[in-house]
Protein chains: 2
Amino acid sequence: MSTVSLSDQALRRPRRLVLAGMEGCTNCAACEVRGHGVCSALADKELERLSRAAVKVTVPAGHVFIEEGSAAHDFFNVTGGTVKLFKSLPDGRRQITGFVGVGHFLGLAVSDHYAFGAESVEQVQLCRFSRTKLETLMEEFPSIERRLLAEAANELVAAQDQMLLLGRKTAHERVASFLCGRLVEKYGECMPPAADIFLPMTRADIADFLGLTVETVSRTFSRLRREHLIGAGAGQDIHIPSVSRLEAIGSGDG
Amino acid sequence: MSTVSLSDQALRRPRRLVLAGMEGCTNCAACEVRGHGVCSALADKELERLSRAAVKVTVPAGHVFIEEGSAAHDFFNVTGGTVKLFKSLPDGRRQITGFVGVGHFLGLAVSDHYAFGAESVEQVQLCRFSRTKLETLMEEFPSIERRLLAEAANELVAAQDQMLLLGRKTAHERVASFLCGRLVEKYGECMPPAADIFLPMTRADIADFLGLTVETVSRTFSRLRREHLIGAGAGQDIHIPSVSRLEAIGSGDG
DNA sequence: TCGGGACAATGATATAAATCAAGAAATTAT
DNA sequence: ATAATTTCTTGATTTATATCATTGTCCCGA
């Protein structure tokens with residue numbers, strides 16, 4: 001049995017998939033049991049092939065493992081930890097385009113160079129495939145392609161939400177949206193009325209994700225605290241007494 | 001879904017697609033001739049099937065043909081004109097996530113409701129498919145799936161560029177990036193040293209795309225004119241005397 | 001040819017967020 | 001533990017862009 005395994009959530013990510021026939025696992029026990037993370041949407045034979053083609057890698061916190069603009073040889077599946085994806089301007093301004101967690105694929109580049117950089121936020125586990133191998137596998141097993149299409153469609157929706165945030169929301173709304181996003185990441189569809197979240201990233205990362213400065217992010221957290229929209233405890237652990245109130249703020253209904 | 005935007009880095013747009021065997025067109029003469037907009041990456045037999053499954057629709061300028069949040073029954077391919085995709089906040093703030101032109105697919109929704117709205121900028125021709133039919137066709141012809149994956153990957157790159165623009169660029173840089181994006185749309189890889197473009201959208205649309213106000217967009221055009229980065233002629237026809245200088249501004253190297 | 005309505009440009013002023021500056025916590029190293 | 005860093009918070013001030021207000025320009029229909 002191969003020791004290399006794709007993340008458990010790899011194929012269960014998108015709650016509802018784009019197209020018929022992709023309903024697959026959205027947390028299926030089967031995946032858990034098999035321990036390979038690639039869900040029932042893929043046949044066992046395909047799973048075998050994927051697993052054998054992957055190399056497991058561990059990246060310590062704070063390491064850039066995809067350099068912006070470098071040759072795009074590999075394709076990754078996150079099996080542990082959180083990764084930040086970013087783009088930069090020549091003078092150092094930086095935009096984090098997303099935080100991706102367990103189960104996400106990355107490296108679906110358009111050209112033969114990565115259009116973005118990737119850095120580990122915490123210690124991260126990855127499954128690495130060569131892209132040429134992935135192409136071969138896709139030829140053989142179209143279900144992989146379907147899985148990637150579903151992932152891409154989900155990311156596209158997230159990207160559009162983020163564009164609305166960056167283009168039109170206030171700092172207050174941005175931070176609220178961000179916290180709601182983390183809640184979705186943690187709870188998916190079944191959102192509790194109150195919740196706690198852990199933020200592995202720094203204020204600076206949050207600022208670069210929300211198109212703000214560290215100071216504004218910090219001030220906004222303080223304001224949310226003052227308004228009792230988040231609990232008093234500072235730092236990385238955030239208590240949210242009323243998820244719905246926060247959602248209202250984040251979606252501009254505040 | 002959203003396309004376009006194509007700022008700075010997006011200059012290395014689609015041309016080369018994600019995966020082997022997807023080289024196909026993004027405006028190929030063949031498509032023009034065939035008149036269905038579905039590119040050469042698809043075999044003739046598949047094209048036949050797609051064409052027969054599609055209904056051709058003409059939408060006059062300024063019509064919303066996808067209502068935000070409405071049930072996602074259909075899937076479209078743009079065969080003429082320009083479409084704007086957008087998301088709104090309850091109080092009317094709006095973000096245009098992309099302008100999409102001939103050859104683009106749209107409606108690759110994640111759920112059974114569209115996450116965005118779509119409105120024609122000019123008179124638009126569309127091929128409409130039912131999504132269920134598309135699913136059937138995809139089962140039969142995996143190359144369609146591959147084509148959609150390529151499109152989605154391209155849009156994702158464009159979306160990341162747009163996030164960098166919205167989160168970190170100045171008004172000056174945003175407008176320059178926007179113009180460069182239109183140039184890429186028109187000329188693709190082979191960019192002339194100087195060029196003219198026609199902007200079918202209003203200043204208000206440009207503002208909603210760039211996360212600015214109409215006034216700022218107008219002022220920025222005036223500034224670019226004053227700096228001789230664009231020609232003196234006002235309105236929708238823009239002359240760009242030095243494409244490379246504009247690109248430098250747009251990519252933050254100004 | 002004229003007149004009305006949308007679109008665009010420009011000026012004056014307001015403001016949200018950035019920048020500059022300093023101290024307080026938290027983390028890591030010694 | 002204690003020192004050295006880094007991260008976070010808060011305050012004072014500046015600034016880029018938004019907002020408000022006005023005028024000019026381009027269409028299109030009568």
Side-chain angles (χ1 to χ4, degrees), chain A residues 60-62 84 89 91-96 121-123 165-178 198-227 230-238 249 252 254, chain B residues 60-62 84 89 91-95 119 121-123 165-178 198-227 230-238 249 252 254:
Chain A
K84 59 189 179 201
L89 290 171
D91 64 1
R93 279 174 287 172
R94 190 181 66 151
Q95 179 65 39
I96 292 181
V121 171
E122 325 155 84
Q123 179 176 292
L165 180 150
L166 293 169
R168 293 302 183 207
K169 289 185 184 176
T170 65
H172 200 224
E173 292 163 346
R174 289 181 202 204
V175 175
S177 286
F178 169 70
F198 175 76
L199 303 177
M201 66 292 289
T202 66
R203 295 292 189 263
D205 283 341
I206 296 171
D208 281 343
F209 182 56
L210 300 179
L212 301 170
T213 59
V214 222
E215 294 94 330
T216 299
V217 170
S218 192
R219 272 187 251 274
T220 306
F221 269 104
S222 298
R223 177 178 165 191
L224 291 173
R225 224 174 282 128
R226 217 178 310 125
E227 298 168 329
I230 61 176
Q236 306 198 288
D237 292 290
I238 310 280
I249 305 278
Chain B
K84 60 188 179 203
L89 290 171
D91 64 0
R93 280 174 287 171
R94 190 181 67 151
Q95 179 65 38
E119 182 180 336
V121 171
E122 325 155 84
Q123 178 175 292
L165 180 148
L166 293 169
R168 291 303 183 205
K169 289 185 185 176
T170 65
H172 199 225
E173 291 164 346
R174 290 181 202 204
V175 174
S177 285
F178 169 70
F198 175 77
L199 303 176
M201 66 292 288
T202 65
R203 295 291 188 262
D205 284 341
I206 296 172
D208 280 344
F209 182 55
L210 300 180
L212 300 169
T213 59
V214 220
E215 294 94 330
T216 299
V217 169
S218 195
R219 274 188 250 275
T220 306
F221 269 105
S222 299
R223 176 176 166 193
L224 291 173
R225 225 173 281 126
R226 218 178 309 123
E227 297 168 330
I230 61 177
Q236 307 199 288
D237 293 291
I238 309 280
I249 304 278

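Keep in mind the model is a prediction, meaning the values are calculated, not measured. By convention in this document, chain letters (A, B, ...) are assigned in the order of the sequence lines, proteins followed by strands, and residues within each chain are numbered from 1.
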Residues which pass side-chain contact (heavy atoms from CB on, under 4.5 Å) with [X], listed by chain and number, not counting sequence neighbours:
X	result
B:Pro200	B:Thr82, B:Val121, B:Glu122, B:Arg182, B:Phe198
A:Thr216	A:Ala171, A:Leu212, A:Thr213, A:Thr220
A:Arg223	A:His172, A:Arg226, A:Glu227

Inset, instruction - Pick base, sugar-phosphate or nothing for B:Arg174, based on heavy-atom distances below 4.0 Å to the nucleic acid. - result: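 Nothing, no nucleic acid heavy atom in range.
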Inset, instruction - Indicate, with a heavy-atom threshold strictly under 4.0 Å, whether A:Ser218 touches base, sugar-phosphate, or nothing. - result: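 Base contact - A:Ser218 has a heavy atom under 4.0 Å of at least one base atom.
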What residues, two or more places apart in sequence or in another chain, satisfy side chain to side chain donor-acceptor pair (under 3.5 Å) together with [X]?
X	value
A:Gln95	none
A:Arg225	none
B:Glu119	none
A:Ser222	none

Legend entry - B:Arg203 side chain near C:dA9 phosphate (N/O to OP1/OP2, under 4.0 Å):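 The answer is yes; a side-chain N or O of B:Arg203 sits under 4.0 Å from OP1 or OP2.
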Inset, instruction - Estimate the overall bend of the helix from C:dT1-D:dA30 to C:dT30-D:dA1 from the end axes over five pairs each, rounded to 10 degrees. - result: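 Overall, the helix from C:dT1-D:dA30 to C:dT30-D:dA1 bends by 50° from one end axis to the other.
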Legend entry - DNA chain C contacts made by residues 204-217 of chain A, counting heavy atoms under 4.0 Å: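 Listed by number, they are A:Gly211, A:Leu212, A:Thr213, A:Glu215, A:Thr216.
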Distance in angstrom units between [X] [atom1] and [N] [atom2], rounded:
X	N	atom1	atom2	answer
B:Arg93	C:dA16	CZ	P	12 Å
B:Arg223	C:dG11	CZ	P	15 Å
B:Phe221	C:dT10	CZ	P	13 Å

Inset, instruction - Name the first nucleotide and the last nucleotide along DNA chain D (5' to 3') that come under 4.0 Å of a heavy atom in chain B. - result: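 Taking any atom under 4.0 Å from a heavy atom of chain B, the span is D:dT17 to D:dC20.
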Inset, instruction - Please check if the side chain of B:Arg203 supplies one atom and the backbone of B:Val214 the other of a donor-acceptor pair under 3.5 Å. - result: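 Side chain of B:Arg203 to backbone of B:Val214: no pair is present.
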Legend entry - Test log, rule side chain to side chain contact (heavy atoms under 4.5 Å, CB included), inputs A:Ile238 and A:Phe221: CA-CA 10 Å; A:Ile238 310 280; A:Phe221 269 104; 3.9 Å; yes
Legend entry - Base-contact (B) and sugar-phosphate-only (S) positions in nucleotides 24-29 of chain C, heavy-atom cut-off under 4.0 Å, - elsewhere: ------
Side-chain donor-acceptor pairs of residues 230-237 of chain B under 3.5 Å, sequence neighbours excluded:
| residue | atom | partner | partner atom | Å |
| --- | --- | --- | --- | --- |
| B:Gln236 | NE2 | B:Leu199 | O | 3.0 |

